[in-house]
Amino acid sequence: MGHPPGNRPMPQPAPSLAAEPGRLAEALREVLRTTTRREVRLVETHISWVLLDGEFAWKIKKPVRLGFLDFAELATRRRYCEEELRLNRRLAPQLYLDVVAIRGTRDAPRLDGAGEPIEYAVKMRQFEPGALLSERLAAGRLDAPELGRLALRLAAFHEQAPAAGPDTPYGSPARIEADTAQVLDGLSQRIGAPAIAGLRERLDARARTLRPLFERRKAAGRVREGHGDLHLANAVVLGDEVTAFDCIEFDPGLRWIDVCSDVGFLAMDLMAHERRDLAFRFLDDWLAASGDHWGLPALRYYLVYRALVRALVARIRATQGGDAGGPDYFGLAQRLEREHDPRLLVTHGLSGSGKSWLSQRLLARAGAIRLRSDVERKRLFGMQALDDASARPGEGIYAADASQRTYQRLLEIAGHSLDAGYPTIVDATFLRAREREAFRRAAEARRVPFAILDCRADPALLRERVAARHAGRADASDADLAVLERQLQGHEALGDDERAVAIEVETGQQVDVDALAARWLAGR
């Protein structure tokens, strides 16, 4: 449940480690079987044992010394149990209950009574089997709305978390590069230096390029006390909630990180499990909630780093007798490091023409970053996405000068996405030729392909969709029938040069999104 980097030597055996380190866990398993009269399952990771008795989970830290942690001493294990409880109650207070002393002997342990503690356990409430996101994904039951709820929770969590001060090493270019080098060193010991030489060289060069961005993000407070180990097996569905647990407690430097590194871990893990569609839906929801688009160039670096972390964890676990199977994280790291396909697609169409519906599905198929004018306009004016900003058409935040500022903001953050190498979709009406031309010029300046997704539907269907959406109030769009009628009366159609790069879609008919994505990505 942990992961390595850290700028320390790689795994060394702890001098105090017993010859049979799992003896206590097995003995406690028998105690729980007797007292609960239930079967008790033992789950082992590379740094802990977890006993599941059907109601509670008892997590015991292994007395190990690795390059990224030192649990050799009992007092240290107690301290980190208490830290684990404190930190994880931030995101999952309903799961984390107490730190419990284990007394007696390793062969006859007790969870109550007198005597000196021989070990400590974090007592947690056990959740239902199949609740982990890793389990739901394997069973084909993980869906985008669940990931969306987690994205919103993480955005709020990061916003409330304390930011790293300028006098700390956390999130500095030196720390980031040292952490990456430590993971690469660990992999080098296990798969050979030649296998990673090229990747190391390219990552070193990328980190040097990103140093100014790393520094700006720390100065702007985007390095925060986060989770640190946010992969699919550390996130869980609890009723209507989706949250994370089992954060990093043993090294502050592994949780005081850029928020893009935190969310990038989960996105990477979805990609590793061949669900890029869900990864980009998750990122879309998180970016819409956080507005942190300017971190996208750093995000790409962190995706590679996180894949390398999981590759190293798998190899450490294999040396402890665990299962070395699962996704090819190292192969994913190599692919992610090479990926670079910036291209710009802007939507065009009246309210209700299906732009947002279609762009959401297109971004999942294409692995794209999406920017929504309805969301960014409200953010620009200090509002939340679902806040009601209804006004007479052309007034308030929909006045001409406000719209001009909104499109300028969209152009700015589209640049962050393109510069990071992502296919980018800007979801807005783009009813004025000058707005479309500004984005076309931006694409040409970067020498990336430009296209227009021209969404069309019968006016009667437009009115039906707009009325239903406005009545539901579950979308960022404030467009009502009055707005639509104004659009119908006057908008600037695509010119001949624009039609040459347009992809026309009749949204009143069934749309083949896979074919649409293939057509866009094939365009040059």
Side-chain angles (χ1 to χ4, degrees), residues 5 87 90-91 151-180 203 206-228 230 244 247-248 251-268 282-306 369-372 375-385 405-406 408-422 424 426 442:
L87 290 165
R90 298 174 303 165
L91 276 166
L152 294 178
R153 190 176 187 90
L154 291 172
F157 165 66
H158 287 141
E159 195 62 30
Q160 295 164 5
D167 57 339
T168 67
Y170 308 135
S172 67
R175 172 71 197 230
I176 293 166
E177 292 175 46
D179 284 349
T180 304
L203 277 179
R206 174 58 57 186
R208 289 193 295 272
T209 301
L210 289 171
R211 282 174 188 170
L213 178 60
F214 292 152
E215 291 172 347
R216 289 198 303 273
R217 287 190 60 79
K218 181 172 181 178
R222 301 316 290 159
V223 174
R224 303 206 168 206
E225 188 178 31
H227 184 282
L230 229 173
C247 78
I248 293 291
D251 184 346
L254 297 182
R255 66 176 182 271
W256 283 88
I257 54 177
D258 192 315
V259 296
C260 280
S261 181
D262 229 9
V263 299
F265 207 149
L266 190 74
M268 178 283 301
F282 168 71
L283 289 174
D284 182 59
D285 285 323
W286 182 76
L287 287 166
S290 69
D292 202 359
H293 301 86
W294 68 289
L296 284 170
L299 174 68
R300 182 175 289 282
Y301 178 91
Y302 291 129
L303 290 171
V304 178
Y305 165 71
R306 291 303 189 178
I369 299 298
R370 177 179 68 156
L371 319 172
R372 287 190 67 189
V375 173
E376 299 308 322
R377 181 189 299 269
K378 290 183 178 178
R379 196 191 322 276
L380 190 61
F381 290 92
M383 302 174 68
Q384 300 296 314
R405 287 179 61 191
T406 299
Q408 186 60 40
R409 173 62 179 155
L410 290 169
L411 187 61
E412 176 188 344
I413 56 181
H416 296 315
S417 180
L418 292 170
D419 292 344
Y422 288 107
T424 303
V426 183

Next item on the list: May I have the step-by-step check of side chain to side chain donor-acceptor pair (under 3.5 Å) for D292 and W294, ending in yes or no?
Entry: CA-CA 6 Å; D292 202 359; W294 68 289; 3.1 Å; yes

Checklist line | Whether R217 side chain and G171 backbone form a donor-acceptor pair below 3.5 Å | finding: no

Check: Which residue, R379, R372, K378, forms the salt bridge (charged side-chain N to carboxylate O under 4.0 Å, His left out) with E376?
Finding: R379

Next item on the list: Can you sort out the partners of R409 under side-chain hydrogen bond (donor to acceptor under 3.5 Å, both in side chains), two or more places apart, ordered by chain and number?
Entry: E412

Margin query: Can you confirm whether R300 sits close enough to L296 that some side-chain heavy atom of one is under 4.5 Å from a side-chain heavy atom of the other?
Written below: no

Item checked: Set of side-chain hydrogen bond (donor to acceptor under 3.5 Å, both in side chains) partners for R90, sequence neighbours left out -> none

Margin query: How close do A164 and W256 get, counting heavy atoms only, and between which atoms?
Written below: N-CZ3, 3.5 Å

Note to self: For A207 versus E177, what's the shortest heavy-atom pair and its separation?
What the structure shows: CB-CG, 3.7 Å

Check: Are the side chains of W286 and L266 in touch, meaning some heavy atoms are under 4.5 Å apart?
Finding: no

Item checked: R255 side chain to I248 backbone, donor-acceptor under 3.5 Å -> yes

Next item on the list: Verify, without hydrogens or angle tests, whether R224 (side chain) and H158 (backbone) share a donor-acceptor contact under 3.5 angstrom.
Entry: yes

Notebook entry, point to check: Mind checking whether Y302 and F214 have parallel, tilted or perpendicular rings, split at 30° and 60°?
Noted result: tilted

Note to self: Would you say that R370 contacts L287 through its side chain, given a criterion of any heavy-atom pair below 4.5 Å between the two side chains?
What the structure shows: no

Item checked: Side-chain (T180) to main-chain (I176) donor-acceptor, under 3.5 angstrom -> yes

Checklist line | Residues in side-chain contact (heavy atoms from CB on, under 4.5 Å) contact with I257, at least two apart in sequence or another chain | finding: S261, D262, R306

Note to self: Does any part of the side chain of V263, heavy atoms only, come nearer than 4.5 Å to the side chain of F282, both counted from C-beta?
What the structure shows: yes

